Amino acid sequence: MSFHIVIPARLASTRLPNKPLADIAGLPMIVRVAQRAALAGAAQVVVATDAPEVLAACEAHGIRALLTRADHPSGSDRLAEAVELLGLADDAVVLNVQGDEPLIDPAMIRACAELLLSRPHCAMSTVAHGIDSAEEFANPNVVKLVCDAAGHALYFSRAPIPWWRDAPAGSAQPHPGAVLRHVGLYGYRAGFLRRFPQLAQSPLEQIEALEQLRVLWHGERIAVHVSDTRPGPGVDTPEDLDRVRRLVSAA
């Protein structure tokens, strides 16, 4: 089994400036993400960044990095440029690992890659896990998804789906075992990544602000690995960063 990992890293962040370079127990966050990702057994791990500072930090710690354009509208567009710079074949499998996941589980990355390698009819793969919390179910920042019988994504939404019409006492509880929370880990075929930036945005994507809906809108399939475990906490805010620092220091 052979796959590649590319980690998009944009320096600008409204909630946490210079996020990729944030220190976590003596290492920049982007370096910690790359080191964790390398444990998944990929053929290579590459950081794709728009910032010379991130490039320098990666190279100082032996992490391969590419300098990409600064005007990409999304991480997938940055990945597409990285695929070109790396010269990957169209059938190569590329894992998009988020640059703010310093505690990501390498086994989850590998499972996502293995799933796409086993589904030649799918353009992408991703990961989900079950949720049973009413708070998470109602939270629009928690993306939910539903799948078909073969484990292909049917829809992603910020809304609480599937809606349990006959929930006890009419409460907005998620149906036990039926609700999946999406994890922002993606596998792509390199050929599809090359095409993705040219695909027109879908109305659903614009409404929900979810890029993966563009894939479904254009008739491509996304295979879903349902994990028994949750991913480690990501870093979006200063409070998240403090939490991850404590977890790393305690390990």
Side-chain angles (χ1 to χ4, degrees), residues 1-10 33-34 36-38 40-50 64-66 68-69 72-101 104-128 143 145 147 150-156 182-202 204-205 209-227 231 234:
M1 186 186 78
S2 180
F3 62 97
H4 310 264
I5 293 174
V6 179
I7 307 171
R10 191 171 62 93
V33 174
R36 288 285 292 176
Q44 61 180 333
V45 177
V46 181
V47 172
T49 183
D50 62 351
R64 186 178 181 189
L66 302 171
T68 56
R69 299 199 324 265
H72 286 303
S74 72
S76 297
D77 293 280
R78 195 173 309 284
L79 241 68
E81 183 185 357
V83 162
E84 290 300 320
L85 293 172
L86 293 169
L88 297 181
D90 280 350
D91 61 351
V93 167
V94 181
L95 270 287
N96 176 357
V97 174
Q98 302 297 323
D100 56 7
E101 298 282 348
I104 191 165
D105 181 1
M108 190 175 285
I109 298 173
R110 188 171 182 86
C112 188
E114 288 176 341
L115 180 60
L116 187 55
L117 285 161
S118 72
R119 303 280 184 97
H121 58 288
C122 292
M124 288 178 58
S125 60
T126 193
V127 177
V143 177
L145 73 152
C147 300
H152 303 127
L154 288 171
Y155 193 67
F156 298 81
H182 182 231
V183 176
L185 174 65
Y186 297 101
Y188 299 85
R189 299 196 188 280
F192 176 71
L193 261 178
R194 289 186 168 97
R195 290 194 293 113
F196 182 81
Q198 279 72 54
L199 294 177
Q201 283 194 343
S202 78
L204 296 174
E205 174 188 2
L210 295 174
E211 191 179 69
Q212 59 269 38
L213 292 175
R214 188 187 318 180
V215 181
L216 300 181
W217 177 266
H218 288 280
E220 300 287 354
R221 284 183 169 177
I222 302 175
V224 180
H225 167 70
V226 179
S227 174

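Keep in mind that what you see is a predicted model, and the values were worked out from it rather than measured. Counting from 1, the numbers follow the sequence of the chain as shown.
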- Item | Aromatic plane relationship, F192 with Y188 - under 30° parallel, 30 to 60° tilted, over 60° perpendicular | parallel
- Query: Is the closest side-chain heavy-atom distance between E220 and R195 below 4.5 Å?
  - Reply: yes
- Message: Minimum heavy-atom separation for A38 and V45, please, with both atom names.
- Response: CA-CG2, 3.8 Å
- Query: Quick one: are V94 and Y186 in side-chain contact, heavy atoms under 4.5 Å?
  - Reply: no
Review item, side-chain donor-acceptor pairs of residues 78-89, under 3.5 Å, at least two apart:
unit_1 : atom_1 : unit_2 : atom_2 : d
R78    : NH1    : T68    : OG1    : 2.9
R78    : NH1    : R69    : O      : 2.6
E81    : OE1    : R69    : N      : 3.0
E81    : OE1    : H72    : NE2    : 2.5
E84    : OE2    : R194   : NE     : 2.3

- Any chance you could measure D90, atom CG, to L193, atom CG, to the nearest 0.5 Å? 10.5 Å
- Heavy-atom closest pair, residues P8 and N96: CD-OD1, 3.2 Å
- Item | Minimum heavy-atom distance between L116 and G187, given as atom pair plus value | CD2-C, 3.5 Å
- Message: On a heavy-atom basis, which atom in A37 and which in I109 lie closest, and how many Å separate them?
- Response: CA-CD1, 3.9 Å
- Message: With heavy-atom distances below 4.5 Å as the criterion, would you say the side chains of L216 and F156 are in contact?
- Response: yes
- Query: Should we say atom CZ of R36 is surrounded by more than 12 heavy atoms from elsewhere, each under 6.0 Å from it?
  - Reply: yes
- Message: For the backbone of C122 and the side chain of R189, can you confirm whether one donor and one acceptor N or O come within less than 3.5 Å of each other?
- Response: yes
- Query: In Å, rounded to the nearest 0.5 Å, how long is the span from CD of E205 to CG of L213?
  - Reply: 7.0 Å
- When you measure from the side chain of S125 to the backbone N and O of A223, does any donor-acceptor pair fall under 3.5 Å? no
- Query: Where the side chain of R64 meets the backbone of V46, is there a donor-acceptor pair that is under 3.5 Å apart?
  - Reply: no
- Apply the test side-chain contact (heavy atoms from CB on, under 4.5 Å) to residues H152 and R119: give CA-CA distance (whole Å), side-chain angles for both, the deciding distance (0.1 Å), then the verdict. CA-CA 10 Å; H152 303 127; R119 303 280 184 97; 3.3 Å; yes
- Over all heavy atoms of both residues, which pair between E101 and G234 is shortest? Give the atoms and the distance, please. OE1-CA, 3.7 Å
- Note on the structure: When rounded to the nearest 0.5 Å, the distance separating CD of E211 from CG of L199 is 10.5 Å
- Note on the structure: Shortest non-hydrogen pair, I7 vs G99, comes out as CG2-CA, 3.6 Å
- Cut-off 3.5 Å, side chains only: do T126 and Q212 have a donor facing an acceptor? no
- Heavy-atom check, side chain of F3 versus side chain of E114, under 4.5 Å: no
- Query: Within the distance-only criterion (no hydrogens, no angle test), does the side chain of H218 pair as donor or acceptor with the backbone N or O of A200 below 3.5 angstrom?
  - Reply: yes
